[in-house]
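In what follows, every chain begins at residue 1, and chains take the letters A, B, ... in the order their sequences are listed. Please read these numbers as outputs of a predicted model, since none were measured by experiment.
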Number of protein chains: 2
Amino acid sequence: MESEDLKKLGLKATAPRMKILSFLETSKVRHMSAEEVYKALLEAGEDIGLATVYRVLTQFEAAGLVSRHHFEGGNSVFEIESGKHHDHILCVKCGRVDEFVDETIESRQRKIADEKGYAMTDHALYIYGICSSCQKKS
Amino acid sequence: MESEDLKKLGLKATAPRMKILSFLETSKVRHMSAEEVYKALLEAGEDIGLATVYRVLTQFEAAGLVSRHHFEGGNSVFEIESGKHHDHILCVKCGRVDEFVDETIESRQRKIADEKGYAMTDHALYIYGICSSCQKKS
DNA sequence: TCACTAAATGCGAAAGATTCTCATTCTTCT
DNA sequence: AGAAGAATGAGAATCTTTCGCATTTAGTGA
């Protein structure tokens, strides 16, 4: 009964919100744009407006249920929160996305923010490259 | 005579390109959106279309003269290439941008790309926070 | 369980950023 | 100076995301 989860976060357990959440939880693709979520739900027979998808994803982000990334190329992609912080490395050829965690980088970032006098609130690290399978193809 | 610089890069030395380049080189503000460049040129009495600003900045990026960043919030910002690679830390309150270089992070990134089987082509690291002067205000 | 109130949704319009089209104007080379 | 091809400007078009508003729905209390 996920409706309880939403209520705990101060969000009404509406049908669109439940469907989007369970879709994100069960999708094999982890990183999706609002448009992709919208289309996937349409194909699944769910009738949810695109504006609602945007609104709900934004609310989920504020509630900490999903995180939003700005990969190169413009539009936002969303990812369900797994709890553990991680950064991303992505293939510029095929769009593949991998995740990684590096505590050395994390602590260095904190140190830099500190040295520069900033109270760090967030950070984004994207590594771009060509993945192994795309290297073989070329 | 900068026109030679452009020609070396395979770009015709047109008036709009020269003006945009020299504007970027002399501007006190290092990070600007296409729109901001456009407006600044207008105010300086130069009559250059917005579409041209976009085109020229994209060409300059391809030629390595400027780099493009995707800070949080959507639109692209451009910065003239200084030669030395650096990353950015920015204030979420006032928009201030500072630069930094950290070789430890750089080498860690190369290591991660390597471990994941990627041929790294690029990377972007943005640290977000509240700068010292904004901290005092609040 | 039923009705009420506030909040959420859907749809189309609107806004913001960036790209495209195409006629006109330059650059470069001769 | 003249020709050929590339670049520019202005506005239309596109894409992503947000807004406005009438309609529907969830949560609550009687």
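When the side-chain nitrogen and oxygen atoms of B:Tyr54 are compared with OP1 and OP2 of C:dT18, one or more of them lie within a distance under 4.0 Å.
A donor atom on one side chain and an acceptor atom on the other are found under 3.5 Å apart for A:His123 and A:Glu106.
Among the heavy atoms of the strands lying under 4.0 Å from A:Arg55 is at least one base atom, whether or not backbone atoms are also near. Across all strands shown, A:Ala13 has heavy atoms under 4.0 Å from sugar-phosphate atoms exclusively, and none from any base. Among the protein residues, B:Ser76 comes within range of the sugar-phosphate backbone only, with heavy atoms under 4.0 Å from sugar or phosphate atoms but none that close to a base. At a threshold of 4.0 angstrom between heavy atoms, the contacts of A:Leu50 include nucleobase atoms, whether or not backbone atoms are also involved. Counting non-hydrogen atoms under 4.0 angstrom, B:Thr14 reaches the backbone sugars and phosphates but no base.
If you take CD1 of A:Ile20 and P of C:dG10, they are 8 Å apart, rounded to a whole angstrom. Atom CD1 of B:Ile48 is separated from atom P of C:dT25 by 17 Å (rounded to the nearest Å). Summarising the geometry, the separation between CD on A:Glu46 and C1' on C:dT9 is reported as 14 Å, rounded to the nearest angstrom. One atom, CZ of B:Arg17, and another, C1' of D:dG9, lie 14 Å apart when rounded to the nearest Å.
The pair A:Glu43-A:Lys39 does not count as a salt bridge, with every side-chain nitrogen at least 4.0 angstrom from each carboxylate oxygen. Ion pairing between A:Glu103 and A:Lys84 fails under the 4.0 Å rule for side-chain N and carboxylate O. At a threshold of 4.0 Å, the pair B:Asp102-A:Arg108 counts as salt-bridged, since one of the basic side-chain nitrogens sits closer than that to a carboxylate oxygen.
Checking C:dT19, D:dA6, D:dG9 against every side-chain atom of B:Thr58, the shortest atom distance belongs to C:dT19. Relative to the side chain of B:Ala15, the nucleotides C:dT27, D:dT16, D:dG9 differ in distance, and C:dT27 lies closest.
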